[in-house]
2 protein chains.
Amino acid sequence: MSSLFRVSRRCHDGLVFLGLLAERYGSGAFLTVPQAASSSLSGAGYLEQIVGPLREAGMVEARRGPGGGYRLTRDPRTITIGEIVRLLEGPTALVECQAREGCPQKRGCGSRKMWNTLQGRINETLGTMTLAEIA
Amino acid sequence: MSSLFRVSRRCHDGLVFLGLLAERYGSGAFLTVPQAASSSLSGAGYLEQIVGPLREAGMVEARRGPGGGYRLTRDPRTITIGEIVRLLEGPTALVECQAREGCPQKRGCGSRKMWNTLQGRINETLGTMTLAEIA
DNA sequence: TGTAAACCCGAGTTTCAAACTAGGGATTGC
DNA sequence: GCAATCCCTAGTTTGAAACTCGGGTTTACA
């Protein structure tokens, strides 16, 4: 396991939750966290934490009280996966070599440029996929 | 921090080490772990563990005793980054959603296909870059 | 043949962030 | 007013990566 590319539970569950919201987009209906959690995501408590940043960023809208819950504020066709991942995973830190104050190696290691290239490909890919495609 | 894409120390240091070997390729010279560790990689003990899989796979060759060390067995232009990453990070596990017995979600989540696509792009990119390019 | 330099091996321990829990607010609809 | 829901914050747990340790084994060289 491990692997260079690891999709955190946080990220996966956030995407699934948004997928559920996307199915309801246009109906005006709200989806509650307990409802979403029952379709076998993580526990409700954890899922609430995941949704927080999505709300702060204005991607979803919350209503409290009975009949409340969450719903999308925008058409899922306009929401890219890249945007979601950035919100869920925090400040899209680059590979370790760049996230730190320079590389631990003295004369900056040659792999840095390569990671940059890869990062570019990834961002490019995630930027062209939308939430509507996974719902 | 975190970020979807995280290059482990193991992977980074392994690449830097191989980069040092690549510079010496053709000279027949060996590079010792203590020498490599002194140019600010991780400790020698840890670096030794990293090199293990590279040797078992026949990518590097070891000689013991004074004047010994490691050297590449192949031209660095024929070694792809993808190959290295696979050796260092273990059985290139896909994203969590696939590594487990299916997705934690009941009816398999819609994001799986997307992660597959992304994985393909990444492998494609890593498969076209060689060790020679980062040395 | 002895000694030291290096690789080799496997079993620990440490560290740290992600994952999860808990407990209580603050709104809102009925 | 009451219950359903979101909201906040502070913990605790867990697991894997990172690192250490203590010894082996092979090799060069005097």
Inset, instruction - Could you tell me which residues satisfy salt bridge (Lys or Arg N to Asp or Glu O under 4.0 Å) with A:R121, sequence neighbours excluded, listed by chain and number? - result: none
Inset, instruction - Taking the side chain as every heavy atom from C-beta outward, state whether A:L15 and B:M114 have any pair of such atoms under 4.5 Å apart. - result: yes
Legend entry - Sub-4.5 Å side-chain heavy-atom contact between A:F17 and A:I50: no
Which heavy atom of [X] sits nearest a heavy atom of [Y], and at what distance?
X	Y	answer
A:P76	A:Y25	CD-CD2, 3.4 Å
B:V60	B:T73	C-CG2, 3.8 Å
A:G127	A:T80	O-CG2, 3.3 Å

Spacing between [X] atom [atom1] and [N] atom [atom2], to the nearest angstrom:
X	N	atom1	atom2	result
A:F17	D:dC6	CZ	C1'	11 Å
A:R63	C:dC30	CZ	C1'	14 Å
B:Y70	D:dT27	OH	P	14 Å
B:L88	D:dA16	CG	P	19 Å
B:Y46	C:dG10	OH	P	17 Å
B:I50	C:dC7	CD1	P	14 Å
A:R64	D:dC7	CZ	P	5 Å
A:Q49	C:dA22	CD	P	13 Å

Inset, instruction - Return the 5'-most residue of the pair B:G67, A:G65 with respect to DNA chain C, ranking by each residue's nearest nucleotide. - result: B:G67
Where the side chain of [X] is concerned, which of [options] is the nearest nucleotide?
X	options	value
B:S8	C:dA19, D:dA18, C:dA6	D:dA18
A:P66	D:dA4, C:dA18, C:dC7	D:dA4
B:R9	C:dA19, C:dC7, D:dC19	D:dC19

Legend entry - Polar side-chain contact B:E48-D:dT20 base: donor and acceptor under 3.5 Å: no
Inset, instruction - Say whether, by atom type as modelled, one donor and one acceptor occur between the side chain of B:R71 and the main chain of B:A29 under 3.5 angstrom. - result: no
Inset, instruction - Mind running a 4.0 Å heavy-atom check of residues 51-61 of chain B against DNA chain D and sending the residues that fall below it, in number order? - result: none
